[in-house]
Colleague: 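Take this structure first; my questions come after.
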Amino acid sequence: MIRQLGIPTWFMSFSAAETRWFHLLRILGKTVHSKVYSDAQLLNMTWHEKI
């Protein structure tokens, strides 16, 4: 890529942090596990439980 386009001027990386989005975790809980999670349940979940 560098040979074709040259050295990049800048580099930027973004992280969605999707394990912190409660609305996304609720949707995934309904579709994948057929469960409805409360705010308290989502707050108490470990990172491994969220993925």
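No hydrogens, no waters, no symmetry mates; every other heavy atom, side chains included, goes into these values. These figures come from a predicted structure and were not determined experimentally.
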Colleague: Can you name the side-chain contact (heavy atoms from CB on, under 4.5 Å) partners of A16, sequence neighbours left out?
Modeller: E18, W21

Colleague: Under the 4.5 Å side-chain heavy-atom rule for ILVMFWY, direct or indirect, which residues accompany Y37?
Modeller: F22, L25, L42, L43, M45

Colleague: What pairs with S34 under side-chain contact (heavy atoms from CB on, under 4.5 Å), at least two apart in sequence or on another chain?
Modeller: none

Colleague: My understanding is that a hydrophobic cluster links ILVMFWY residues whose side chain heavy atoms are under 4.5 Å apart, including indirect links. Using that, what else belongs to the cluster containing I27?
Modeller: none

Colleague: Enter the distance from H33:NE2 to L28:CG here, rounded to the nearest 0.5 Å.
Modeller: 8.0 Å

Colleague: Share the residues that join I2 in a hydrophobic cluster, the rule being Ile, Leu, Val, Met, Phe, Trp or Tyr side chains under 4.5 Å apart at the heavy-atom level.
Modeller: I7

Colleague: Check the hydrophobic clustering (I, L, V, M, F, W, Y; side-chain heavy atoms under 4.5 Å; chains of links allowed) and say if F11 and L5 are grouped together.
Modeller: no

Colleague: Could you measure the distance from the NZ atom of K35 to the CD atom of Q41? Nearest 0.5 Å is fine.
Modeller: 8.0 Å

Colleague: Going by side-chain contact (heavy atoms from CB on, under 4.5 Å), name the residues that satisfy it together with T9, two or more places apart in sequence or in a different chain.
Modeller: none

